[in-house]
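Quick note: numbers below take in every heavy atom, side chains included, and nothing from hydrogens, waters or symmetry partners. Numbered from 1 within each chain, the chains take letters A, B, ... in sequence-line order.
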Amino acid sequence: MHTQCTVPNPQAEGRHRGGTEMADTVRVRFAPSPTGALHIGGGHTALFNWLWARHTGGKFILRIEDTDRERSTKEYEDTIMSGMQWLGLDWDEGPDTGGPFGPYRQSERLSTYREAAERLLEEGKAYRDGEAVIFKVPQGVTLAFDDMVYGHIEMQSDTLKDVVMIKSDGMPTYNYAVVIDDHTMGITHVIRGEDHISNTPKQLLIYDALGWEYPTFAHLPMILGKDKKKLSKRHGATSVYEYRDMGYMPDSVFNFLALLGWSPGENNEIFSRDEAVGLFDLARVIKKPSVFDMDKLNYINQEHLKRLPPYERLALVEPFWREMGLPVDSHSREYLAQSLVVLCGRGQTAKETAGYSDYFLTFEPVKARYDGSEIGDEQRAVLKRFNGELLALPEWKAPVMEEFTREWSTANNVKMKDIAMPLRLGITGMKVSPGVFEVAEQLGRDEVRKRLAYYNFVE
RNA sequence: GGUCCCAUCGUCCAGUGGCCUAGGACACAGCCCUUUCAAGGCUGUGACACGGGUUCGAAUCCCGUUGGGACCGCCA
């Protein structure tokens with residue numbers, strides 16, 4: 001057990017939860033503003049909150065911070081939610097599911113913000129300027145908190161400017177609303193990006209003014225692009241959807257994101273959601289910002305892809321085949337799934353896998369890629385003899401074909417690759433493929449005969 | 001500029017004073033396997049930013065320097 005961890009693990013300590021001990025239960029929230037899709041940074045923050053809630057048996061709350069009237073839209077709210085669902089981050093309370101601490105949209109909690117603001121106004125801790133309500137920062141106060149990741153942090157109030165609580169349009173500002181909501185929603189752990197560390201002292205001031213206790217803070221290291229700058233569109237995909245569209249599995253993106261700023265501590269980098277939940281610990285989160293590394297994502301995705309049962313892999317690849325205009329429906333599910341088994345882990349994404357396997361679905365792309373013109377008369381004659389005998393084999397099985405080919409190449413003093421390569425090219429149109437006999441078996445004797453005949457590689 | 005934060009291979013992590021001539025993974029290079037590629041196996045290149053302390057002993061603790069980042073909005 002990690003003694004730094006201030007929150008007891010209910011499983012490990014065998015404590016009972018619920019009922020009157022409700023107050024002990026971990027409550028964390030992800031609070032995006034609906035001004036854009038769920039991007040990698042937001043996904044990372046949501047993920048760590050979710051992990052902590054699930055690990056501790058607590059609650060994961062989704063709160064929509066839609067106080068920017070100009071930029072917030074319902075569409076973005078929906079995309080963020082479906083992005084989270086895609087990643088498998090389910091929430092216990094939120095704008096759609098409801099819950100005992102609702103409403104879960106800031107735009108619907110305006111009265112709560114006003115009440116607290118009135119109180120502060122009456123007590124002389126805030127003042128009006130124009131239509132806005134502004135918090136008066138007291139001088140000479142030391143603001144301090146103990147961050148679960150960054151440790152003890154303190155700052156003098158003198159360096160702070162007064163903070164706007166309610167904007168002229170009646171909407172609360174972030175630094176104010178976040179305090180009111182986290183407190184009234186019973187949030188126990190505020191887990192958010194490191195870029196919020198400098199905001200925290202302002203929020204502390206408001207907790208103090210209202211006489212509220214601080215939640216536990218845990219700031220997460222930033223995710224940077226290859227150039228070590230804050231991740232942005234310039235670094236490629238930004239929304240988690242773009243990863244889905246590129247053929248990445250949600251489990252892989254989950255796994256990859258979990259590894260940014262955290263590790264289970266053992267030499268275990270590929271894990272499932274459930275394993276991550278069991279292993280996760282906020283006390284093991286590191287402080288150093290991490291660079292988003294596409295190569296690592298690719299590797300992780302390939303590992304997850306390899307571990308997938310055939311039909312699940314088929315479900316992932318199928319949309320990309322369709323996108324490529326391949327005749328998916330003219331084949332049986334068994335045939336398609338088996339084709340991917342033959343492909344055996346080739347391709348780092350479902351999209352790549354689809355691109356490597358088009359020849360299983362139709363001959364057309366093969367013809368487009370390969371014309372057989374580099375084969376001279378002499379070699380063609382050899383191929384015709386060999387292919388003729390191959391197609392006449394009593395059993396159309398890869399091991400049988402392979403054995404036959406070895407014997408034939410020795411007997412005829414022909415190099416294995418001189419007959420295997422044209423065969424591969426003729427049936428796949430590629431110089432790279434799985435074992436050519438496995439491909440031939442999967443395609444079937446008739447289809448192979450048809451393709452070879454097209455190139456005049458067989459009599 | 002002010003305040004705050006960070007600093008181990010190119011990248012992601014391990015390391016919480018002795019087990020470290022610093023470990024794993026990705027990437028890269030080579031070899032093996034082989035009908036091609038992928039996968040797999042083996043090997044290699046490669047880091048504690050720098051300078052001072054503290055200590056019998058420091059990647060680990062302290063101070064400074066340098067370098068990076070964040071925040072300083074009636075955005076969140």
Side-chain angles (χ1 to χ4, degrees), chain A residues 2 4 31-36 42 65-72 106 129-134 147 149-151 153-156 158-161 163-178 192-202 219 221-222 224 226 228-230 256 259-270 283-284 286-300 302-303 306 343-348 352-353 356 401-402 405-406 409 415-425 428 430-439:
Chain A
H2 298 266
Q4 302 94 313
S33 70
T35 54
E65 308 215 326
D66 56 349
T67 54
D68 185 336
R69 281 179 159 152
E70 303 279 289
R71 300 191 298 146
S72 299
Q106 289 189 327
D129 182 44
E131 299 293 294
V133 180
I134 298 173
D147 192 280
V149 174
Y150 286 87
I153 292 176
E154 58 174 64
M155 194 186 281
Q156 299 305 314
D158 306 56
T159 61
L160 266 24
K161 291 196 275 187
V163 333
V164 176
M165 305 193 313
I166 308 278
K167 298 183 264 184
S168 303
D169 67 358
M171 289 299 218
T173 60
Y174 166 74
N175 282 124
Y176 173 64
V178 74
R192 75 225 311 190
E194 184 251 47
D195 48 338
H196 285 291
I197 285 186
S198 330
N199 285 323
T200 308
K202 297 175 201 166
H219 288 89
M222 301 267 84
L224 312 176
K226 266 269 192 251
K228 303 249 185 164
K229 297 271 192 259
K230 199 171 169 180
F256 173 71
L259 247 19
L260 258 25
W262 175 77
S263 81
E266 49 203 69
N267 289 333
N268 171 23
E269 299 202 294
I270 306 296
R284 285 193 61 88
I286 63 165
K287 306 171 185 175
K288 200 182 72 162
S290 46
V291 174
F292 185 94
D293 181 13
M294 205 63 160
D295 285 330
K296 188 83 174 220
L297 207 212
N298 285 334
Y299 164 76
I300 290 174
Q302 185 164 29
E303 290 303 310
K306 282 197 292 197
L343 213 56
C344 184
R346 261 159 266 250
Q348 294 190 304
E352 246 179 54
T353 298
Y356 289 162
M401 288 185 251
E402 181 172 346
T405 306
R406 285 190 192 289
S409 70
K415 278 188 202 152
M416 185 87 163
K417 72 171 185 184
D418 286 336
I419 44 184
M421 212 52 197
L423 176 60
R424 165 175 291 113
L425 250 2
T428 69
M430 295 172 164
K431 32 185 208 281
V432 162
S433 82
V436 68
F437 305 114
E438 279 74 22
V439 173

Distance in angstrom units between [X] [atom1] and [N] [atom2], rounded:
| X | N | atom1 | atom2 | result |
| --- | --- | --- | --- | --- |
| F292(A) | G69(B) | CZ | P | 20 Å |
| K287(A) | A7(B) | NZ | C1' | 11 Å |
| I286(A) | G15(B) | CD1 | C1' | 12 Å |
| L224(A) | C5(B) | CG | C1' | 13 Å |
| I197(A) | C4(B) | CD1 | P | 12 Å |
| L260(A) | G69(B) | CG | P | 18 Å |
| K226(A) | C26(B) | NZ | P | 15 Å |
| E269(A) | C13(B) | CD | P | 10 Å |

Considering only heavy atoms from C-beta outward, does the side chain of [X] approach that of [Y] to under 4.5 Å?
| X | Y | value |
| --- | --- | --- |
| H219(A) | I153(A) | no |
| M155(A) | L160(A) | yes |
| S33(A) | D68(A) | no |
| I300(A) | L259(A) | yes |
| F437(A) | L423(A) | yes |
| Y174(A) | K202(A) | no |
| R192(A) | T200(A) | yes |

To the nearest 0.5 angstrom, please state how far the [atom1] atom of [X] sits from the [atom2] atom of [Y].
| X | Y | atom1 | atom2 | result |
| --- | --- | --- | --- | --- |
| K415(A) | M421(A) | NZ | CE | 14.0 Å |
| E65(A) | T173(A) | CD | OG1 | 10.5 Å |
| M401(A) | R406(A) | CE | CZ | 13.5 Å |
| S263(A) | I286(A) | OG | CD1 | 8.0 Å |

Distance check, [atom1] atoms only: [N] and [M], in whole angstrom units.
| N | M | atom1 | value |
| --- | --- | --- | --- |
| C74(B) | C12(B) | P | 35 Å |
| A14(B) | G52(B) | C1' | 28 Å |
| G64(B) | A7(B) | C1' | 15 Å |
| C31(B) | A58(B) | C1' | 39 Å |
| A59(B) | G15(B) | C1' | 8 Å |

Just to be sure I understand the rule, does [X] reach a base, reach only the sugar-phosphate, or reach nothing, if contact means heavy atoms closer than 4.0 Å?
| X | answer |
| --- | --- |
| I270(A) | nothing |
| K288(A) | sugar-phosphate |
| E70(A) | nothing |
| M222(A) | nothing |

Across all strands, who's sitting opposite [N] as a Watson-Crick or G-U wobble pair, both distances under 3.5 Å?
| N | value |
| --- | --- |
| C33(B) | none |
| G44(B) | C28(B) |
| C56(B) | G18(B) |
| C71(B) | G2(B) |

Return a single string for [range], one symbol per nucleotide in 5' to 3' order, where B is base contact, S is sugar-phosphate-only contact and - is none, cutoff 4.0 angstrom on heavy atoms.
| range | value |
| --- | --- |
| nucleotides 40-49 of chain B | S--------- |
| nucleotides 32-38 of chain B | --SBBBB |
| nucleotides 71-76 of chain B | SSSBBB |
| nucleotides 61-67 of chain B | ------- |

Note to self: Can you pull out every side chain to side chain donor-acceptor pair (under 3.5 Å) where at least one residue sits in residues 288-297 of chain A? Sequence neighbours excluded, please.
What the structure shows: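 Of all non-adjacent pairs touching residues 288-297 of chain A, those that pass side chain to side chain donor-acceptor pair (under 3.5 Å) are K226(A)-D293(A), E269(A)-K296(A).
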
Side-chain donor-acceptor pairs under 3.5 Å in residues 163-172 of chain A, sequence neighbours left out?
unit_1	atom_1	unit_2	atom_2	d
K167(A)	NZ	T67(A)	O	3.1
D169(A)	OD1	M171(A)	N	2.9

Next item on the list: Spell out, as yes or no, whether a donor-acceptor pair under 3.5 Å connects the side chain of R424(A) to the backbone of M430(A).
Entry: no

Item checked: Test item: S72(A) side-chain N/O and R69(A) main-chain N/O as donor-acceptor pair under 3.5 Å -> no

Next item on the list: Tell me which of E154(A) and Q348(A) sits closer to the 5' end of RNA chain B, going by the nucleotide each one is nearest to.
Entry: E154(A)

Note to self: Nearest to the S263(A) side chain among G15(B), C13(B), C12(B), which nucleotide is it?
What the structure shows: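 Taking heavy atoms from C-beta onward, the closest nucleotide is C13(B).
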
Note to self: Checking contacts here: which listed nucleotide (C13(B), C5(B), G10(B)) is nearest the side-chain heavy atoms of E194(A)?
What the structure shows: C5(B)

Check: Does the side-chain contact (heavy atoms from CB on, under 4.5 Å) test come out yes or no for K306(A) and I270(A), once each step is laid out?
Finding: CA-CA 12 Å; K306(A) 282 197 292 197; I270(A) 306 296; over 6 Å; no

